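From a predicted model like this one, the values you see are computed outputs, not experimental measurements. One is the number of the first residue; the rest follow in order along the sequence.
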Amino acid sequence: MKVIASSVRKGNILEVDGQLYAVLSAESFFPGKGTPTTQIDMRRLSDGVKTSQRYRTTEQVERAYVEDREHTYLYQDGNDYVFMNPESFEQITVPADVIGDQAVYLQEGMACMVSVHEGVAVAIELPQRVTLEVVETEPTVKGQTASSSYKPAVMSNGVRVMVPPHIATGTRIVVMTADNSYVERAKD
């Protein structure tokens with residue numbers, strides 16, 4: 001399916017010269033003088049090679065037909081991650097390079113959107129927010145609560161997050177998976 005380059009988003013799958021590419025980032029530039037362009041950074045699915053292409057924003061690119069379905073994360077098997085379709089109970093294996101550095105957020109039973117092209121998992125989208133427990137952080141310094149300073153904290157999955165001073169070890173917090181940022185204290 002042909003789409004204009006400016007409508008391409010992160011996570012889309014493009015077909016370029018008969019090869020499938022996963023879009024890592026897409027940024028449009030609108031200079032005051034000259035032609036607007038869209039810079040697309042992508043990774044070839046067959047061998048993982050990263051490439052960058054620049055298109056005019058009105059230029060057509062071929063978007064591959066990909067089926068997005070919700071799957072439940074089951075377990076890690078070596079370098080692969082196993083997901084299950086909750087409707088058909090069919091299991092699908094997703095290679096580690098497809099998930100990338102988001103793998104630290106995977107929790108057993110987590111619902112994720114898996115993009116499948118001709119029976120092969122090509123992309124995955126995790127929930128935007130994940131609830132994690134703080135396992136290590138600095139103690140609160142008295143009198144520091146008035147300022148908007150943040151302190152580093154290590155989560156139960158090993159990720160470092162900057163948290164407000166009132167968050168202590170053992171507190172469950174909500175974290176954005178896209179940029180490792182603190183959202184709020186968990187309500188559970």
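Under a 3.5 Å cut-off, the side chain of K50 and the backbone N or O of R43 do not form any donor-acceptor pair. No side-chain donor-acceptor contact under 3.5 Å links T137 to the backbone of T169. Between the side chain of N157 and the backbone N or O of V104, at least one donor-acceptor pair lies under 3.5 Å. Panel note: side chain E67, backbone R69; no donor-acceptor pair is recorded below 3.5 Å. In terms of modelled atom types and a separation under 3.5 Å, the side chain of H166 and the main chain of P164 share no donor-acceptor contact.
Residues T51 and R44 are not in side-chain contact: their nearest non-hydrogen atoms beyond the backbone lie 4.5 Å or more apart. In this structure, the side chains of M176 and S181 come closer than 4.5 Å at one or more pairs of heavy atoms. Side-chain contact between Q107 and V130 is present, with at least one heavy-atom pair separated by less than 4.5 Å.
A side-chain donor from one of D41 and S25 sits under 3.5 Å from a side-chain acceptor of the other. Y105 and N180 share a donor-acceptor pair across their side chains, judged by distance under 3.5 Å alone. No side-chain N or O of T38 forms a donor-acceptor pair with one of S6 less than 3.5 Å apart.
Y65 is not connected to V61 by any chain of hydrophobic side-chain contacts under 4.5 Å among Ile, Leu, Val, Met, Phe, Trp and Tyr, and they are in different clusters. Linking ILVMFWY side-chain heavy atoms closer than 4.5 Å, directly or via other members, places I92 and I124 in a single hydrophobic cluster. V82 and V114 fall into different hydrophobic clusters, where Ile, Leu, Val, Met, Phe, Trp and Tyr are joined by side-chain heavy atoms under 4.5 Å apart, directly or via other members. Grouping the Ile, Leu, Val, Met, Phe, Trp and Tyr side chains by contacts below 4.5 angstrom, directly or via other members, places I173 with M110. Residues Y182 and L132 share a hydrophobic cluster, clusters being chains of Ile/Leu/Val/Met/Phe/Trp/Tyr side chains in contact below 4.5 Å.
The distance from atom CE of M42 to atom CD1 of I40, rounded to the nearest 0.5 Å, is 6.0 Å. Of the inter-residue distances, the one linking H71 atom NE2 with S115 atom OG reads 10.0 Å to the nearest 0.5 angstrom. Note that CZ of F83 is 5.0 Å distant from CG of L106, once rounded to the nearest 0.5 Å. A distance of 3.5 Å separates OG of S52 from CD of Q39, quoted to the nearest 0.5 Å.
Taking the six-membered ring for Trp and thresholds of 30 and 60 degrees, Y81 and Y73 have ring planes inclined between 30 and 60 degrees apart.
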